[in-house]
Amino acid sequence: MDEMYSVKMRANQICGGKDVHISGAERIIGKGDIDTCCGMLLKRAVYHSKGEPDFINIKVEKIDEKDIEYIDALPVTTYEVSTADEGLLKLEELMREAGIAKSSEIAGMMKLTYGMRGAMLVDIRTLDRLEPDRERGVRVTYMDGIAGAAGVAGMKGNETGKNHFREALVLATKVAACPNIVGELCISDDPDYVTGYFASRNTGYCRITRLKEPGDSCGGRIFLYDGERSDVGECIRFLEKQKVLVRMDSFGQDKEVF
Ligand code: WAQ
Ligand code: MG
């Protein structure tokens with residue numbers, strides 16, 4: 001196997017003295033794809049619909065193949081809804097299905113995620129926020145998808161390599177495999193991407209076709225924690241540090257998507 005590298009991109013804008021997140025991405029690729037990958041991620045940052053970044057950071061790091069955990073992608077279900085309100089109700093219903101009682105309070109917390117680079121980590125019993133840095137949130141890194149015969153996973157998508165669904169499925173699969181995480185809520189902060197999801201080991205990856213109105217740049221993620229406080233550190237370590245490749249093969253090598 002080719003030597004493996006982690007590539008991370010993040011782009012920020014300085015807005016009234018405050019750092020605002022514009023774009024970020026995580027990849028795990030072979031050595032031969034470093035230049036293509038960096039080029040695509042740079043393009044994605046520079047031409048982002050959230051605005052022009054003041055800073056773009058690309059970090060390339062060699063990783064050891066032995067440290068990578070392989071996980072199968074969550075099964076996917078799509079729920080068609082016609083309004084954002086209907087979508088939010090569906091989101092709450094799915095949370096309850098996953099055994100989360102305080103679903104409407106948690107859905108309401110999505111309003112507080114604006115501008116965060118990472119996700120909120122919320123205790124489902126107390127609704128306490130568990131992220132060490134609440135402005136930044138917890139950022140899941142070191143993951144990518146592999147799609148067998150489709151070649152280097154994730155090089156497909158639009159001209160900047162962005163494929164919302166594929167990247168979200170990779171992230172959600174890693175998060176669902178994390179100890180003590182019982183669910184995840186996500187709404188894109190990209191103004192024109194209105195499909196979001198709820199994901200968990202119980203429900204799989206549940207796409208909801210409308211969770212906000214077009215043109216709205218609000219969005220974010222909440223990871224739902226159920227466990228002892230003493231285990232939060234291990235949970236965050238897995239999210240931030242564990243190297244994961246997600247097998248997307250069950251999606252039948254759909255070259256359009258992957
Ligand atoms: N770790 C933690 N939080 C993240 C990460 C990460 N690696 N990446 C993004 N976030 C948070 C951050 O607050 C962003 O503002 C927010 O999530 C949204 O990120 O099936 O595109 O990259 O079609 O805009 C859902 C796809 C797409 C649904 C979600 O999210 C579908 C999307 P975005
Ligand atoms: Mg975004």
Side-chain angles (χ1 to χ4, degrees), residues 6-13 19-28 41 44-45 47-51 53 59 73-81 87 90-91 94 109-122 131 133-145 154 157-158 160-176 178 181 184-199 203-212 216-224 235-236 238-242 244 246 248 251 254 257-258:
S6 145
V7 181
K8 302 178 186 176
M9 179 276 285
R10 64 187 163 87
N12 307 332
Q13 205 173 50
D19 224 11
V20 175
H21 171 75
I22 295 281
S23 176
E26 333 289 328
R27 302 294 318 272
I28 294 177
L41 294 181
R44 183 195 295 197
Y47 301 107
H48 203 277
S49 58
K50 282 198 81 179
K59 182 170 168 184
L74 290 171
V76 177
T77 312
T78 302
Y79 296 92
E80 298 275 349
V81 295
K90 188 74 211 171
L91 187 67
L94 287 163
M109 292 176 85
M110 283 301 287
K111 292 192 182 72
L112 308 173
T113 58
Y114 181 76
M116 288 174 73
R117 180 146 70 88
M120 276 186 193
L121 183 62
V122 172
E131 321 93 83
D133 177 344
R134 290 193 186 187
E135 232 171 283
R136 174 184 182 273
V138 176
R139 181 114 188 139
V140 191
T141 60
Y142 296 112
M143 74 270 185
D144 207 332
N158 66 17
T160 65
K162 175 87 181 181
N163 178 311
H164 290 81
F165 170 55
R166 178 192 177 282
E167 292 190 3
L169 181 60
V170 167
L171 187 149
T173 298
K174 178 176 175 186
V175 172
C178 179
I181 294 289
E184 178 196 350
L185 285 64
C186 171
I187 304 178
S188 178
D189 60 353
D190 299 8
D192 298 319
Y193 202 85
V194 298
T195 300
Y197 66 86
F198 176 76
T203 60
Y205 180 94
C206 303
R207 309 180 79 189
I208 302 171
T209 56
R210 183 170 288 228
L211 282 173
K212 67 176 187 182
D216 185 349
S217 60
C218 287
R221 280 186 161 91
I222 300 180
F223 302 154
L224 302 173
C235 170
I236 294 178
F238 182 93
L239 294 169
E240 291 183 338
K241 302 271 163 62
Q242 177 63 49
V244 168
V246 175
M248 316 291 266
F251 292 89
D254 181 348
V257 178
F258 303 116

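One-based numbering, in listed order, for ligands and for the atoms of each.
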Are any of the N or O atoms of [X] closer than 3.5 Å to those of ligand 1?
X: V140; answer: yes
X: R139; answer: yes
X: H21; answer: no
X: G219; answer: no
X: R221; answer: yes

Taking the six-membered ring for Trp, are Y79 and F198 ring centroids under 6.0 Å apart?
-> no
Which ligand 1 atoms does [X] reach within 4.0 Å, using its non-hydrogen atoms?
X: C186; result: 29 (C)
X: Y205; result: 20 (O), 26 (C), 28 (C), 31 (C)
X: D190; result: 24 (O)
X: M116; result: 12 (C), 13 (O), 15 (O)
X: I187; result: 18 (C)
X: R207; result: 20 (O), 23 (O), 31 (C)
X: G118; result: 2 (C), 3 (N), 11 (C), 12 (C), 13 (O)
X: A168; result: 25 (C), 26 (C)

Quick one: is the NZ or CZ of K50 closer than 6.0 Å to the six-membered ring centre of Y114, and within 45° of its axis?
->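 Geometry flag: set, cation within 6.0 Å and 45°.
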Centre of Y142's six-membered ring, under 6.0 Å away, within 45 degrees of the axis: is that where NZ or CZ of K8 sits?
-> yes
Going through the distances and angles, do I187 and C218 end up as a side chain to side chain contact (heavy atoms under 4.5 Å, CB included)?
-> CA-CA 8 Å; I187 304 178; C218 287; over 6 Å; no
Can you tell me if [X] uses its side chain to pair, donor with acceptor, with the backbone of [Y] under 3.5 Å?
X: K174; Y: V246; value: no
X: E26; Y: T141; value: no
X: T173; Y: L74; value: yes
X: N163; Y: F165; value: yes
X: R207; Y: T195; value: no
X: R166; Y: G145; value: yes
X: K90; Y: T209; value: no

Near the Mg ion (ligand 2), which protein N/O/S atoms are found at less than 2.8 Å?
->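 The answer is D189 OD1, D190 OD1.
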Please report the shortest heavy-atom distance between V170 and M143, naming the atom on each side.
->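 V170 and M143 have their closest heavy atoms at CG1-CG, 3.5 Å.
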Report the member of T195, T209, N163, D189 with the shortest heavy-atom distance to atom 24 (O) of ligand 1.
->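 That would be D189.
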For atom CD of E240, is the number of surrounding heavy atoms from other residues, nucleotides or ligands below 6.0 Å larger than 12?
-> yes
